[in-house]
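All of these numbers come straight from a predicted model, not from anything done at the bench. Reminder, nothing fancy here: chain letters follow the sequence lines and each chain counts from 1.
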Amino acid sequence: MSAVSMDVIVSLCKRRGFVFQSSEIYGGTGSCWDYGPLGVELRNNIKRIWWRDFVHQRDDMVGLDASILMHPTVWKASGHVDNFTDPMVDCRECKRRFRADQAGTMDWTHYCPATKGNKFTIKGGEPCKHCGARRTLCPECGKGELTAPRQFNLMFKTFMGPVEEDAALTYLRPETAQGIFVNFDNVLQATRRKLPFGIAQIGKAFRNEITPGNFIFRSREFEQMEIEFFVNPHDRLEGRPADEAWHDRWIADCQSWFTRYGLDPANVKLHEHLGDELAHYSKRTVDLLYRFPMGWNELMGIANRTDFDLKQHAKFSGKSLTWFDEERKEHVVPFVIEPSAGVDRALLAFLLDAYREEEVRGDKRVVLRFHSELAPIKIAVLPLLKKRPEIVAAGHDLRHRLTRRWLTLYDDTAAIGRLYRRQDEVGTPYCVTVDVKTVGDPEKGEAGDGKVTIRERDTMQQIRVPIAELEHVFGRLLDAGTPWSEVAAGYPRAEG
RNA sequence: GCGGGAAUAGCUCAGCGGUAGAGCGCCAGCCUUCCAAGCUGGGGGUCGCGGGUUCGAAUCCCGUUUCCCGCUCCA
């Protein structure tokens with residue numbers, strides 16, 4: 001289990017402006033959430049580094065931003081209209097709920113009239129050996145009748161066109177993937193790519209989940225970061241079919257991405273989908289699970305979708321969706337490896353994993369130990385004394401200079417200890433403090449030394465740095481990723 | 001959908017028939033030269049919503065909405 005409960009995180013998120021419940025003044029809704037001033041920064045940081053690491057810094061990836069509303073046939077071709085549903089039945093007695101398609105094949109409990117009502121558990125869809133009856137009642141309790149199957153379609157219907165009766169019925173996309181598949185040929189033509197290559201997209205998706213909940217873990221409107229990586233299945237790589245080898249590479253890359261930005265490896269594990277769990281299109285799917293407060297749950301999935309989607313769209317559209325292999329002189333329908341991550345789930349995992357309660361001089365300190373790339377605010381400029389106009393002016397000046405490169409905040413509304421704790425609680429990695437020595441004291445005829453104190457969040461160590469070197473120092477810390485200990489070693493410690 | 005719990009200040013909660021409270025946080029001022037110090041003052045809630053009972057309802061009753069936990073489900 002994560003060390004922190006969900007309630008504590010939900011409360012912190014609201015109090016400090018990370019996440020608000022949608023439409024809260026109207027009573028709210030558990031299936032949608034709004035990101036506040038800090039939440040939107042955190043969220044943008046996650047998306048930015050994901051895009052940077054998986055799109056910009058690789059030479060086999062390009063990006064895409066497809067529209068949310070698409071031609072309705074897309075969803076017929078993809079299988080969502082037919083398959084993105086779960087007919088459910090409920091037992092009237094024991095209230096358990098089953099998927100209608102599974103209820104008939106489950107082991108079932110039977111009170112056999114031929115044996116004076118003895119209780120048997122009978123395999124799968126088989127009849128009773130004694131009386132020959134087949135299951136008619138609840139497979140679990142054997143007593144209750146089942147309700148008629150109810151259809152849940154998890155896609156949001158909507159109408160394209162202002163007059164509802166005349167408008168085309170379509171759907172809010174339930175995944176961003178299809179926008180990539182239908183643009184496969186466009187991207188291929190526009191970028192002259194060769195296999196293997198990938199197309200990435202970040203965007204909103206919508207699902208009418210039966211049971212939304214667990215804060216932002218499962219909501220009806222969420223954002224995905226998806227990659228469709230196209231591979232020639234006839235190629236061999238590392239002695240294996242290329243799609244299988246690439247699948248393993250992507251699993252490893254995704255896992256290390258999450259741990260690189262802060263998730264404790266002990267809180268992350270892989271889950272291999274077996275048999276029934278596999279989606280209808282998938283050859284193999286591996287989930288990356290995170291240890292959320294409610295248990296191990298899916299952070300992202302990495303699926304081998306084979307050539308299913310491109311073939312479906314070729315069939316429904318009548319367009320050829322192939323890549324021409326110059327070496328083998330043949331048209332190939334690529335296989336697709338799909339790493340699909342949820343922005344909101346990533347954000348939640350990073351938040352949970354960063355959260356610490358520490359004891360400092362007998363007081364509790366709440367600190368979010370975000371990776372500095374994730375931290376919403378990178379630097380806080382704090383004056384030690386706010387009644388000295390020179391200090392305040394110097395602080396504002398620093399703030400404006402630094403914020404050209406890093407999101408920086410100025411705060412002078414409390415004593416320094418409280419200001420530090422406020423920044424700790426939202427994960428700001430560095431604070432810069434301006435004091436009397438910085439600006440000097442004209443009354444005593446003392447000149448300022450032009451130095452400020454930098455305080456690091458996790459160690460609470462402080463160093464004294466000339467203002468002229470601040471941008472260089474933060475460049476090393478925040479852009480180059482130089483460890484604090486190494487940077488701090490070059491400057492005198494300030495008293496704490 | 002089912003079962004259970006809950007809804008009172010920004011947060012955590014007390015109050016359970018008789019003028020809405022505490023702690024923390026927030027704001028202003030005083031003080032203060034580096035880790036939630038102190039003092040003074042302040043803002044902020046028609047007690048989820050709608051009915052009912054009552055002289056009087058945050059409190060009792062009914063309904064409703066939302067949230068949480070469990071079942072179920074999850075590309």
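The distance between atom CZ of A:R356 and atom C1' of B:rC35, rounded to the nearest whole Å, is 19 Å. Per the geometry, CD belonging to A:Q423 stands 15 Å off C1' belonging to B:rC34, to the nearest Å. At whole-Å resolution of the value, CG in A:L419 and P in B:rA36 are 11 Å apart. Atom pair A:E175:CD and B:rA75:P shows a separation of 11 Å (rounding to whole Å applied). Counting to the nearest Å, the P atom of B:rA75 and the CH2 atom of A:W75 are 15 Å from each other. Going from atom CG of A:D458 over to atom P of B:rC35 covers 18 Å, rounded to whole Å. Atom CZ in A:R218 sits about 12 Å away from atom P in B:rC68, given to the nearest Å. Distance CE (A:M155) to P (B:rC73): 21 Å, rounded to an integer number of Å.
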Side-chain donor/acceptor pairs under 3.5 Å, residues 335-347 of chain A, sequence neighbours excluded:
unit_1 : atom_1 : unit_2 : atom_2 : d
A:E338 : OE1    : A:R305 : NH1    : 3.1
A:E338 : OE2    : A:R305 : NH1    : 2.5
A:S340 : OG     : A:E226 : OE2    : 2.8
A:D344 : OD1    : A:E223 : N      : 2.9
A:D344 : OD2    : A:Y35  : OH     : 2.7
A:D344 : OD2    : A:R43  : NH1    : 2.9
A:R345 : NE     : A:F217 : O      : 2.9
A:R345 : NH1    : A:E298 : O      : 3.0
A:R345 : NH2    : A:F217 : O      : 3.4

TODO: Go along nucleotides 27-33 of chain B 5' to 3' and tag each nucleotide: B for a protein heavy atom under 4.0 Å from its base, S when only backbone or sugar atoms are that close, - otherwise.
DONE: S---SBB
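One C1' atom belongs to B:rG52, the other to B:rA57, and the distance between them is 11 Å to the nearest Å. Taking atom P on both B:rC47 and B:rG18, the two are 16 Å apart, rounded to the nearest angstrom. A gap of 11 Å separates the C1' atoms of B:rA20 and B:rU46, to the nearest Å. On the P atoms, B:rU53 is 15 Å away from B:rC61, given to the nearest whole Å. Comparing the same atom, C1', in B:rC68 and in B:rG41 gives a spacing of 39 Å after rounding to whole Å. One C1' atom belongs to B:rC26, the other to B:rG10, and the distance between them is 8 Å to the nearest Å. The P atoms of B:rG17 and B:rG4 are separated by 25 Å, rounded to the nearest whole Å. B:rG21 and B:rC16 have their P atoms separated by 14 Å, given to the nearest Å.
The salt bridge (Lys or Arg N to Asp or Glu O under 4.0 Å) check on A:K311 picks up A:D307, with sequence neighbours excluded. Taking A:K451 as the reference, nothing meets the salt bridge (Lys or Arg N to Asp or Glu O under 4.0 Å) condition, with sequence neighbours excluded. With sequence neighbours left out, the salt bridge (Lys or Arg N to Asp or Glu O under 4.0 Å) criterion links A:D287 to no other residue.
Annotation: of the two residues near RNA chain B, A:N297 and A:T433, the 5′-most nearest-nucleotide partner is A:T433.
B:rA57 makes up no base pair with any nucleotide shown, lacking Watson-Crick or G-U wobble contacts both under 3.5 Å. In this structure, B:rG63 forms a base pair with B:rC49, meeting either the Watson-Crick or the G-U wobble geometry with both donor-acceptor distances under 3.5 Å. With a cut-off of 3.5 Å on both pairing distances, B:rA9 has no Watson-Crick or G-U wobble partner at all. Pair check for B:rG38 finds B:rC30; Watson-Crick or G-U wobble, both atom distances under 3.5 Å. The nucleotide B:rG25 finds no pairing partner, because no Watson-Crick or G-U wobble arrangement with both distances shorter than 3.5 Å includes it. Partner assigned to B:rU19 is none, using Watson-Crick or G-U wobble distances below 3.5 angstrom. Pair assignment for B:rC74 gives none, since no Watson-Crick or G-U wobble pairing has each distance under 3.5 Å.
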Distances for protein N or O near nucleotides 7-12 of chain B N or O, under 3.5 Å:
unit_1 : atom_1 : unit_2 : atom_2 : d
B:rC11 : OP1    : A:K14  : NZ     : 2.4
B:rC11 : O3'    : A:S11  : OG     : 3.2
B:rC11 : O2'    : A:S11  : OG     : 3.2

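Between A:D435 and A:R464 there is a salt bridge, since at least one side-chain N of the basic residue sits less than 4.0 Å from a carboxylate O of the acidic one. Taking 4.0 Å as the cut-off between side-chain N and carboxylate O, A:D243 and A:K283 count as a salt-bridged pair.
A donor-acceptor contact under 3.5 Å links the side chain of A:R421 to the base of B:rC35. One N or O donor and one acceptor, one from the side chain of A:R455 and one from the base of B:rC35, sit under 3.5 Å apart.
Within the 3.5 Å criterion, the main-chain N or O of A:T176 finds a donor-acceptor partner in the side chain of A:Q224. Within the 3.5 Å criterion, the main-chain N or O of A:F215 finds no donor-acceptor partner in the side chain of A:R218. Under the 3.5 Å distance criterion, the side-chain polar atoms of A:N183 are matched with a main-chain donor or acceptor of A:G179. With hydrogens and angles ignored, the 3.5 Å screen pairs a side-chain donor or acceptor of A:R457 with a backbone N or O of A:G427.
Under the side chain to side chain donor-acceptor pair (under 3.5 Å) test applied with A:Q178, the options A:H313, A:E228, A:R173 reduce to a single match, A:H313.
Closest contact between the side chain of A:N214 and the listed nucleotides B:rC35, B:rA75, B:rC69 involves B:rC69.
For the 3.5 Å distance criterion, the side chains of A:Y410 and A:T403 fail to qualify, holding no donor opposite an acceptor.
For A:R418, a side-chain nitrogen or oxygen approaches OP1 or OP2 of B:rC26 to under 4.0 Å.
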